[in-house]
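The residues of the chain are indexed from 1 along the displayed sequence.
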Amino acid sequence: MPELPEVEVVRRGLDRWVTGRTIREVEVHHPRAVRRHLEGADHFVAALTGRTLTAAHRRGKYLWLPMAEPDGTPSGRALVAHLGMSGQLLVEKPEEPDEVHLRARFRFTDRGRELRFVDQRTFGGLAVEDAPDDGLPTRLAHIATDPLDADFDLDTFSAALRRRRTEVKRALLDQTLIGGVGNIYADESLWRARLHGARPTDKLTRAQVADLLEGVRDVLTESLEQGGTSFDSLYVDVNGQSGYFSRHLAVYGQEDRPCPRCGTAIVREQFMNRSSYSCPHCQPRPRVARSVR
């Protein structure tokens, strides 16, 4: 699943190539691509045709592009996109052949490059949503701000984290607590903070939370600089280019390889129908308290 850096890379590409352009025509090639638009594909097409995309924003793993009416006034609506497991938003020359898994196409009045939504597994989706005053679409209001956002506050996060009374990795994946962090960057951040993912959140000190947040911010920033993490051809930017942060992962996917910090073999454990990776020396599993008889 694309996480914050991968989606942010796409957002930056959309901001460069799509912002300020007016949609001339929309094609929906697969109904699942717009299943989140409850009024149906025809309404989706009508809601976008003739509108200008005025910006490209992201909240967590969602993208949204506010729209203006033909007279230039804000429409109060936005094109919302979630990439799911394999979704891609690609900017292509019109003469380029269609991708095998092309699900939707957007042509613009300037007759320049078109925007294509490609999704092999059809878990992603597009919709037109209400976005009052060109702000955050209503559907995304529950998603917490990103750790890279200037308004993200350590003390507020620390208090909320310790109130969760859960395992720290589960908390990092909770999009209502911290936006955009998924399995890869949770493991990498925990390694940097020397915390095992099973550590209880209510036992963390403020200093440990501060170290964790610093690890989250550092790993996300470094991944952005590398264009995100691409393990296969599905995770690409709007020009189809892969990111290279996978070459710098310390623990994720590194089972049996030496820890970059201490040399101990990285271990893999089952976690919520997926895998967690950690160093057993740098990140010791918390002791289970013995029951009193």
Open item on the list: If you count heavy atoms of other groups shown closer than 6.0 angstrom to CG of Asp42, is the number above 12?
Closed with: no
- [ ] May I ask you to decide whether Arg285 forms a salt bridge with Glu269, counting only side-chain N to carboxylate O separations under 4.0 Å?
- [x] yes
Task: salt_bridge(Glu96, Lys93) N-O dist < 4.0 Å - done: no
TODO: Not counting sequence neighbours, which residues clear ring-ring contact (aromatic ring centres under 6.0 Å, His included) with Phe108? List them please.
DONE: none
TODO: For Arg103 and Ala33, work out which heavy atoms get closest and say how close.
DONE: CB-CB, 3.6 Å
Open item on the list: Less than 4.0 angstrom from a charged side-chain N to a carboxylate O is my criterion; do Glu129 and Arg77 meet it?
Closed with: no
Task: Salt-bridge contact Asp256-Arg268 (side-chain N to carboxylate O under 4.0 Å) - done: no
Open item on the list: Is there a side chain to side chain contact (heavy atoms under 4.5 Å, CB included) between Phe152 and Val216? Walk through the geometry before answering.
Closed with: CA-CA 12 Å; Phe152 195 95; Val216 169; over 6 Å; no
Task: Minimum-distance pair of heavy atoms, taken over all atoms of Asp174 and Thr176 - done: OD1-OG1, 2.6 Å
Task: Straight-line distance of Tyr185 OH to Glu6 CD, nearest 0.5 Å - done: 3.5 Å
Task: In one Ile/Leu/Val/Met/Phe/Trp/Tyr side-chain cluster, 4.5 Å: Leu83, Trp17 - done: yes
- [ ] To the nearest 0.5 Å, tell me how far Phe106 CZ sits from Leu79 CG.
- [x] 5.0 Å
Task: Distance in Å, Leu115 CG paired with Leu90 CG, rounded so as to fall on 0.5 Å steps - done: 8.0 Å
Task: Ion pair check, Glu25 and Arg105, cut-off under 4.0 Å - done: no
Open item on the list: Between the side chains of Arg12 and Glu8, is the shortest nitrogen-to-carboxylate-oxygen separation below 4.0 Å, so that they form an ion pair?
Closed with: yes
Open item on the list: I'd like to know if Arg58 and Asp146 make a salt bridge, using a cut-off of under 4.0 Å between side-chain N and carboxylate O.
Closed with: yes
